[in-house]
Amino acid sequence: MGAAAAPRGIEASGDMPEIDYKFTDIERKWQARWRKARLFEADERSPRPKCYVLNMYPYPSGVLHMGHVINYTLGDVVARYKMLRGYNVMCPMGWDSFGMPAENAAIRTGVHPHEFTEKNIAHMRAQMGSAGWGYDWRREVATSHADYYRWTQWFFLKFYEKGLAVKKTAAVNWCESCATVLANEQVKDGGCERCGTQVAQKDMSQWFFRMSAYAERLLAGHETLRGKWPDAVLAMQEEWIGRSEGATVFFKVEETGDPLPVFTTRPDTLWGVTFMSVAPEHPILEKLLKGSPHERRVMPVVRELRAMGTSEKELAEREKVGVFTGFHVVNPVNGEAVPLWAANFALMAYGTGAVMSVPAHDQRDFEFARKYGLPIVPVILPPEGLDPAAMTCAYVDPGTMVASGPFTGATNTEAMPRIIRWLDEEGRGKAAVNYRLRDWTLSRQRYWGAPIPIIYCDACGMVPVPEKDLPVVLPEDVKFSRGGNPLATSESFVKAPCPRCTRPARRETDTMDTFVDSSWYFLRYCDAANDTAPFSPARIAHWMPVDQYIGGIEHATMHLIYARFFTMVLHDLGLLDFDEPFARLFCQGMVCKTAYYCEKCKWLPERKVEGGTRKGDAIEDGVCAACKGPVRAEMTKISKTKLNIVDPDAMIAKYGADTVRLYMLSDAPPDRMQVWSEDGINGAWRTLVRLWNLATAAVAQAPPVGTAIPADLDAENRALRRTTHQLIESVTGAIEGGFHFNTAVARCNELVNQWRAMKDRVHGVVLRETLETIVRVLSPIVPHFAEEIWERLGHEESIFAAGWPAADAAVAAEEMVEIPVQINGKLRGRVMAPPDATREDLERAALADEKVKKLLEGRTVAKVIVVPGRLVNIAVKG
RNA sequence: GCGAGAGUGGCGGAAUUGGCAUACGCGCCAGAUUUAGGAUCUGGUCCCGAAAGGGGCGGGGGUUCGAAUCCCCCCUCUCGCACCA
């Protein structure tokens, strides 16, 4: 604790002389004071305007990692800054405490998920305290607590009543030997991650939220978010929702007359269709093939196509293959029959599960046609025409339509709306909008989640659990062994009387996706202790929407789209009067660090790298300690698998929370990738020590609080004050315009440097003003440090009660400015001028400059460009 | 393949959004102080050149009095993705 502060080194050692900056004592002291003063407890009765600063809550894994550190440091700094700006800040914290890790631990070690989770929460809460992050802990939520998931279940019932929670069958990854459903990430090379068994596709009845019904609303909401959410996130969500306009065209199977509608965005290419493909899961295949002469040839291939899995990565990388079904479809625009194929690139979940193929004008169809020798018929021609035999790729640009019935001769892009109208009038198709957004599969065949409050009765069918019976509590009598859903092993849970007829019935054993929990936790924070409702309208009206949400970009689509959808539904249910939950969103960058890779031994920790040369923080051209093979250094995201993790606790113990916070924010703007380096944090440490030494020495010389600034300061002191007030202006701008704390720190360093250069010539009152400004401006970033200096300067109240410093524009104004003089855009001299000098003044001064005069000799001035307050540029000829 | 973002000294990054390129910090070099230093303090540090001067923001072209910034082409890297029919 209060021992000598450690500079760069493994640990503080007793034989080092004491550095006066005892960060451990200081940080503990102020953390205790803030707790006592209830600094972070947000009260609705405050007369100040509210500001809801929300950090994405963590999964309680048990230990903080650097991703948390950047996220929560940024959130804490923003919260403290808003506090200084006069807001009544609410900054809560909680736990996304349902999920697979606790259940896997239970299977592995026998520790109950509840116990595992509570232990982890307690440890992480303590870590957060020592990092100096201030939260209103009275509002803490944990989604695995019954007083929380009771309301998750209550919302499910509301969705169910509205017809937004429905059961459908869907294909899942199924491991026969584990008797369990696997996530895509649990499937490795087509096998189960745990036991290696080949993963099969299995149709299961699952609960869905009908999110696709909200596709248009979700998209429309972007208009209000633009400029307030990162463009990249909005772009990703747009892609995820994937609105496309086109037409549904009514194809029919030639042999049977079965309808086979197809969605297309290119109805202009309908006359070039040479085959049709359907997804291997398409129900029409069973229908056509059963008992047909093609069954024995085709069905085995179809089954093979189906077995290929649903992982998107696999889909993107695998070869496009298919099989001719033996059947044909009739193209309604020209009555032509084309072969019907089953192909692995057609997705059942998208559109109608069928794809019309136009090899002449679609690259994927072109490749498929060439592979299987299918015809290529161009119907849109460039001016120079197209020879199907000579084509090497599909022609996708605009052109003139040919062999296209009534549209022959038209330009395809212009004809598009007419074609759609014609399809509709002729009954051959209709205009259609398609989305790639799918319904939200919320069923999980797992124990550690909120049980879905439904009971199955032989007599009454599916019956929702009445509200008064909530929560449906997770039972204790479960077996956590490999295989199946542990919840189904609890007899006390499964057996339940039917709420309608009271006869014996059984409970739904599926639990909810944890994204359901995280779709409303920000609402619960507003009224966390409410035991009669999920929240009271008055509290929601006071705090919502979230003013600033901060988290990782990895949640750009899933969490952020689910939470928006959930909020929209609650709005439609009359529970909320807004439909966008997060007014502003900020996504911090990933924390990266050098990692080492050996071809033979894979990822290595730094201590297993021998020799090589140290270049900055990385070791280049080292060799592997184990196999002596070459080692490659790579800058990459901090992760356990790459063995480049940094332990936040160790960093806080070694340097103090303030140094860690300063380092996280002083190097790069927070939305960029953050590079973790030992040299870097050591630099932040030294910055603080230097400032500490300077400040503690100055405290002794500073006159009492409130001493007036004399009118007759010398030029040097006036200049220092000018920098001080300019600093306030520029730091405020840097924070408001995108949380650029790195430039804020740089401005402070400049002021410190100017102050140090003046040594003891700084007037006492100016000294106080300078130091006070620096600590006030830095207080959100290094709060313990700032509080300590502030107190030593004689202030009795917390620095966070003092408010954000105000710049005096008159003091900040320059007395004289240096104006660069260019000749043909090249810097040739400088002139001094008052900041409000006119164009004429500046031109005269520039032309009178000795150096400029000399360079202009014998040349003709063509034009003089003057930007008042900025520069003079003289354009010359010759 | 599609989409988004980025490329500035040895390194992280500044550059008021079209106006002095490299602020601030790290690292490095020299010096001071110290029993010692991975601490602290002082000075130096884009490249070529003795200097005058010249060249420099991934590469090439353009617009402009003036471009890191705007436009076009190319290269490289990072992130996201559900073959978008």
Side-chain angles (χ1 to χ4, degrees), chain A residues 5 7-9 15-17 19 230-236 238-240 242-244 246 262-266 269 277 310-313 315-318 320 343-347 349-358 362-365 434-438 553-554 556-557 589-590 592 615-618 635-637 663 666-669 671-675 677 679-684 686-687 689-690 693 729-730 733-734 737 740 742-750 752-753 756 818-827 830 862-865 867 869-876:
Chain A
R8 182 180 181 174
D15 58 345
M16 233 174 318
I19 289 171
D231 287 342
V233 173
L234 293 179
M236 278 189 251
E238 253 155 55
E239 181 124 333
W240 192 261
R243 184 183 202 275
S244 54
V262 158
F263 174 77
T264 180
T265 54
R266 294 292 307 273
T269 64
S277 301
T310 57
S311 150
E312 300 307 336
K313 206 170 173 203
L315 282 166
E317 285 163 7
R318 78 185 174 201
K320 279 79 179 148
N344 66 354
F345 60 80
L347 297 179
Y350 189 76
T352 63
V355 186
M356 63 178 225
S357 295
V358 187
D362 180 281
Q363 187 58 27
R364 187 193 56 208
D365 295 344
N434 203 33
Y435 299 91
R436 57 205 271 241
L437 184 73
R438 297 183 198 155
I553 194 140
E554 65 272 21
T557 44
M590 298 180 302
C592 296
K615 213 173 169 197
D617 216 54
M635 180 60 66
T636 184
K637 182 180 168 179
Y663 174 55
S666 62
D667 249 21
D671 49 345
R672 278 220 215 171
M673 176 182 98
Q674 307 292 310
V675 176
S677 83
D679 283 339
I681 190 162
N682 198 48
R686 289 201 334 225
T687 300
V689 170
R690 267 201 301 268
N693 292 339
E729 288 174 346
S730 68
H740 288 169
N742 56 325
T743 59
V745 173
R747 294 287 91 79
C748 285
N749 282 331
E750 281 174 328
V752 167
N753 291 345
R756 275 199 311 197
E818 196 182 59
I819 302 289
V821 181
Q822 299 179 333
I823 295 174
N824 286 346
K826 292 213 179 292
L827 181 67
R830 299 166 198 280
K863 197 176 171 188
V864 180
I865 293 99
V867 184
R870 267 281 138 73
L871 63 33
V872 179
N873 187 14
I874 304 162
V876 298

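Naming: A, B, ... by sequence-line order, numbering from 1 per chain.
Residue contacts shown for A:Asn753 are limited to sugar-phosphate atoms, with no base heavy atom under 4.0 Å away. Heavy atoms of A:Ala684 sit nowhere under 4.0 angstrom from any nucleic acid atom. Residue A:Ser666 is classed as having no contact, given no heavy-atom separation below 4.0 Å to the nucleic acid. Looking at heavy-atom distances under 4.0 Å, A:Arg747 makes contact with a base. In this structure, A:Gln822 reaches the bases: a heavy-atom distance under 4.0 Å links it to at least one base atom across the strands shown. As judged by a 4.0 angstrom heavy-atom cut-off over every strand, A:Gly242 is placed among residues making no nucleic acid contact. Nucleic acid contact for A:Asn749: sugar-phosphate only, since backbone atoms but no base atoms lie under 4.0 Å from a heavy atom of the residue.
A:Ser244 has a side-chain polar atom (N or O) that falls below the 4.0 Å cut-off from OP1 or OP2 of B:A85. Proximity of A:Arg266 to the phosphate of B:A85: no side-chain N or O atom is located under 4.0 Å from OP1 or OP2. At the phosphate of B:A85, OP1 or OP2 sits under 4.0 Å from a side-chain N or O atom of A:Thr265. Remark: A:Arg686 is in phosphate contact with B:A39, judged by side-chain N or O atoms under 4.0 Å from OP1 or OP2. One finds no side-chain N or O of A:Asn693 lying less than 4.0 angstrom from the OP1 or OP2 phosphate oxygen of B:U40. The side chain of A:Arg756 contributes an N or O atom lying less than 4.0 Å from OP1 or OP2 of B:C41.
A heavy-atom distance below 4.5 Å is found between the side chains of A:Phe263 and A:Ser244. No side-chain heavy atom of A:Ile823 sits under 4.5 Å from any side-chain heavy atom of A:Lys826. Side-chain contact between A:Leu871 and A:Gln822 is present, with at least one heavy-atom pair separated by less than 4.5 Å.
At whole-Å resolution of the value, CD1 in A:Ile553 and P in B:G80 are 9 Å apart. Here the P atom of nucleotide B:A85 and the CZ atom of A:Phe263 are 6 Å apart, to the nearest Å. Per the geometry, NZ belonging to A:Lys826 stands 10 Å off C1' belonging to B:G56, to the nearest Å. Going from atom CG of A:Leu871 over to atom C1' of B:G18 covers 10 Å, rounded to whole Å. Atom CG in A:Asp365 sits about 18 Å away from atom P in B:G1, given to the nearest Å. A:Arg870 places its CZ atom 6 Å from the C1' atom of B:U16, with the value rounded to the nearest Å. Atoms CG (A:Asn682) and P (B:G38) sit 12 Å apart, rounded to a whole Å. Rounded to whole Å, the distance from CG on A:Leu827 to C1' on B:G54 is 14 Å.
Base pairing of B:U17 is not made with any nucleotide, judged by Watson-Crick or G-U wobble geometry with both donor-acceptor distances under 3.5 Å. Pairing of B:A67, defined by two Watson-Crick or G-U wobble distances under 3.5 Å, is not identified with any nucleotide. Partner assigned to B:A51 is none, using Watson-Crick or G-U wobble distances below 3.5 angstrom. Pairing of B:G10, defined by two Watson-Crick or G-U wobble distances under 3.5 Å, is identified with B:C26.
Checking B:C79, B:G13, B:C83 against every side-chain atom of A:Met590, the shortest atom distance belongs to B:C79. For A:Ile865, the listed nucleotide lying nearest its side chain is B:C65; candidates were B:A85, B:A14, B:C65.
For B:U78, the base has no donor-acceptor partner in the side chain of A:Arg672 [N/O atoms by modelled type, under 3.5 angstrom].
With a glycosidic angle no further than 90° from 0, B:G9 counts as syn.
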Check your understanding: Under the side-chain contact (heavy atoms from CB on, under 4.5 Å) criterion, do A:Asn873 and A:Val864 qualify, and how do the steps go?
Key -> CA-CA 6 Å; A:Asn873 187 14; A:Val864 180; over 6 Å; no
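Between A:His740 and A:Val867, it is A:His740 whose nearest contact on RNA chain B lies nearer the 5' terminus. Heavy-atom distances to RNA chain B give each of A:Lys863 and A:Thr687 a nearest nucleotide, and the one nearer the 5′ end belongs to A:Thr687.
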